[in-house]
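Predicted model only: the values in this text are computed from it and were never measured. Below, all heavy atoms of this structure are taken into account, side chains as well, without hydrogens, waters or symmetry copies.
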Amino acid sequence: MQHISKLPNVGTTIFSIMSALANTHNAINLSQGFPNFKSDQKLIDLVNQAMHSGFNQYAPMPGNLELREAIARKFDLLYATSYHPETEITVTAGATQAIYTIISAFIRKEDEVIIFRPAYDCYEPAIALHGAKTVSMQLEAPGYAVDWNAVKSKINSKTKMIIINTPQNPSGSIFYDADMLQLQEITKDTNIIVLSDEVYEHIIFDGEKHQSVCLFSDLKSRSFITASFGKTFHNTGWKMGYCCAPKALMEEFRKVHQFNVFSVNHPMQKGLADYLKEPSHYLELSSFFQEKRDLFLKLIADSRFSFKPARGAYFQVLGYSDITQDYDVDFAKRLTMENGIASIPLSVFNDENKDDKVLRFCFAKTDETLKMAADILNRI
Ligand SMILES: Cc1ncc(COP(=O)(O)O)c(C=O)c1O
């Protein structure tokens with residue numbers, strides 16, 4: 001049988017490649033973005049309890065109502081804004097499914113979608129699968145600041161969506177109030193939908209405030225927010241998340257959601273609803289991860305790597321141009337195979353694989369792992 005691939009340029013993701021290489025060479029794995037410490041036992045117990053209490057059949061299509069209500073309370077508490085649990089919040093199988101479903105619900109052939117690079121890797125294939133064009137705005141290391149006039153110049157009658165991600169994976173940069181105001185300004189009076197990927201909303205450092213689209217009323221009216229419990233509660237393997245948007249947008253989302261997944265894991269939804277009753281479970285995350293970032297950077301302060309401290313998310317970008325001029329993919333592989341430490345080369349997230357000689361290291365690891373990683377990096 002012969003078939004023509006719908007995604008001819010997509011191969012195995014760099015995350016799978018680097019993790020497999022790390023396993024083969026028994027290397028410390030700071031490549032893939034997941035914690036190597038346990039999720040809170042209390043949350044595990046709550047999910048267990050939900051199973052024993054019979055939450056084992058299909059959840060309602062938009063999600064367990066208690067969980068949607070808990071999410072609505074979180075928006076009220078953190079951003080003093082409201083999303084109606086009945087009509088404006090939907091629980092999803094991780095942020096990835098939410099992102100795919102949003103794109104699927106709104107993007108048509110020949111539409112244009114603006115993304116910022118380096119970009120998380122699930123946006124572009126979803127855009128391509130719907131016959132649309134990705135318009136890339138390449139941001140420059142090490143600051144990764146956005147030139148909003150340049151973004152404005154890319155907007156035309158075909159522009160259907162802009163995808164933003166703050167705090168950003170892989171760069172660890174964030175959008176500030178001024179960025180959001182400019183985004184609001186250039187999308188005002190247009191039909192552009194903003195997909196705001198906010199999976200790291202609770203991981204932001206140095207006293208900065210997460211600039212959610214929901215804080216800006218005109219932006220909120222045209223935006224989806226996607227979120228991930230896996231990133232927030234150290235259990236990426238559960239693949240639980242949610243999205244929210246004004247009612248009219250959410251109605252369209254649910255038309256697709258009900259046929260591509262219908263509803264997601266019910267006992268976990270019930271466990272998460274109970275766990276969210278205690279806000280400290282997410283309010284303490286920024287200081288928890290800031291300590292890890294600071295420890296990691298202190299330990300490698302005398303190494304030959306250069307850096308600008310991550311402002312959010314749990315990734316630190318390290319520059320290596322004082323060490324070698326090797327292509328970043330080659331250098332990342334060499335570090336894994338010969339030195340025993342795995343990272344992610346940033347060129348794979350860039351326009352035309354632009355190579356800034358930087359690697360991404362995930363610091364969502366135990367202090368012991370970070371110390372072992374630093375020992376290796378200091379010897380390079
Ligand atoms: C920016 C970004 N968006 C979305 C996701 C996917 O989240 P989930 O695991 O909940 O699908 C990730 C995971 O690494 C991410 O970094």
Chemist: Go through Tyr242 and Phe229 one step at a time and tell me if the ring-ring contact (aromatic ring centres under 6.0 Å, His included) criterion holds.
Modeler: CA-CA 8 Å; Tyr242 61 90; Phe229 290 116; 5.3 Å; yes
Chemist: Without placing hydrogens or testing angles, list every side-chain donor-acceptor pair under 3.5 Å for residues 298-310, not counting sequence neighbours.
Modeler:
from	atom 1	to	atom 2	distance (Å)
Ser303	OG	Ile300	O	2.8
Ser303	OG	Phe305	N	3.2
Arg304	NE	Ile380	O	3.2

Chemist: Hey, does the side chain of Asp179 reach the backbone of Tyr176 with a donor-acceptor pair shorter than 3.5 angstrom?
Modeler: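 It does hold such a pair.
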Chemist: Do any N or O atoms from the side chain of Gln325 and from the backbone of Ser321 form a donor-acceptor pair under 3.5 angstrom?
Modeler: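 Judged by distance alone, yes, a pair lies under 3.5 Å.
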Chemist: Give the minimum heavy-atom separation between Ser217 and Gln184, together with the two atoms involved.
Modeler: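 Between these two residues, the closest heavy atoms are N-OE1, 3.8 Å.
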Chemist: Using a cut-off of 6.0 Å, state whether more than 12 heavy atoms not belonging to Lys333 lie near its atom NZ.
Modeler: no
Chemist: Any chance you could lay out the ring-ring contact (aromatic ring centres under 6.0 Å, His included) test for Phe289 and Phe205, step after step, and finish with the verdict?
Modeler: CA-CA 8 Å; Phe289 279 114; Phe205 310 134; 7.6 Å; no
Chemist: Where do Ser171 and Val317 come nearest, in terms of heavy atoms and distance?
Modeler: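 Scanning both residues, the minimum pair turns out to be O-CG2, 3.7 Å.
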Chemist: Is it true that atom OH of Tyr58 has more than 12 heavy atoms of other residues, nucleotides or ligands lying nearer than 6.0 Å?
Modeler: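 No, the 6.0 Å shell around OH holds no more than 12 heavy atoms from other groups.
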Chemist: Under 4.0 Å between a side-chain nitrogen and a carboxylate oxygen: does that hold for Asp355 and Lys357?
Modeler: yes
Chemist: Is there a donor-acceptor pair under 3.5 Å between the side chain of Ser280 and the backbone N or O of Leu283?
Modeler: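 It does not hold such a pair.
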Chemist: Using the ring centroid of each side chain, check whether Phe361 and Phe315 are separated by less than 6.0 Å.
Modeler: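 Ring centroids of Phe361 and Phe315 are no less than 6.0 Å from each other.
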Chemist: Are Ile115 and Leu195 connected into the same hydrophobic cluster when the rule is that any two of I, L, V, M, F, W, Y join if their side-chain heavy atoms are below 4.5 Å apart?
Modeler: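 Yes: a chain of side-chain contacts under 4.5 Å links Leu195 to Ile115.
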Chemist: Any carboxylate oxygen within less than 4.0 angstrom of a Lys/Arg side-chain nitrogen, looking at Arg311 and Asp206?
Modeler: yes
Chemist: Between Arg222 (side chain only) and Ile192 (backbone N and O only), is there a donor and an acceptor less than 3.5 Å apart?
Modeler: yes
Chemist: Is the backbone N or O of Asn56 less than 3.5 Å from a side-chain atom of Lys270, with the two atoms forming a donor-acceptor pair by type?
Modeler: no
Chemist: Sub-3.5 Å donor-acceptor pair from the side chain of Thr236 to the main-chain atoms of Gly230, do we have one?
Modeler: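 Not a single qualifying donor-acceptor pair exists.
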Chemist: Phe34 ring centre to Lys365 NZ or CZ under 6.0 Å, with the angle to the axis within 45°?
Modeler: yes
Chemist: Is a side-chain N or O of Asp328 found less than 3.5 angstrom from the main chain of Ser347, in a donor-acceptor match?
Modeler: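 Flag set: sc Asp328 to bb Ser347 pair under 3.5 Å.
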Chemist: Is the distance from the ring center of Tyr282 to that of His234 below 6.0 Å?
Modeler: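 Aromatic pair excluded; centres sit 6.0 Å or further apart.
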Chemist: Before giving the answer on side-chain hydrogen bond (donor to acceptor under 3.5 Å, both in side chains), spell out for Ser16 and Ser19 the whole-Å C-alpha distance, their side-chain angles and the decisive distance to 0.1 Å.
Modeler: CA-CA 5 Å; Ser16 308; Ser19 276; over 6 Å; no
Chemist: So Leu129 and Tyr100, do their side chains get closer than 4.5 Å, heavy atoms only?
Modeler: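 Tyr100 vs Leu129: side chains touch.
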Chemist: Report yes or no: does Ser136 contribute a side-chain atom to a donor-acceptor pair with the main-chain N or O of Gln138 at less than 3.5 Å?
Modeler: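 Answer holds: no.
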Chemist: Does Glu352 CD have over 12 foreign heavy atoms under 6.0 Å away?
Modeler: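 Not buried by this count: 12 neighbours or fewer within 6.0 Å.
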Chemist: Taking His84 for its side chain and Glu86 for its backbone only, find out whether a donor-acceptor pair lies under 3.5 Å.
Modeler: yes
Chemist: Per the ring pair (Phe, Tyr, Trp, His ring centres under 6.0 Å) rule, what does the pair list look like for residues 61-82, sequence neighbours excluded?
Modeler: Phe75-Tyr79, Phe75-Tyr83
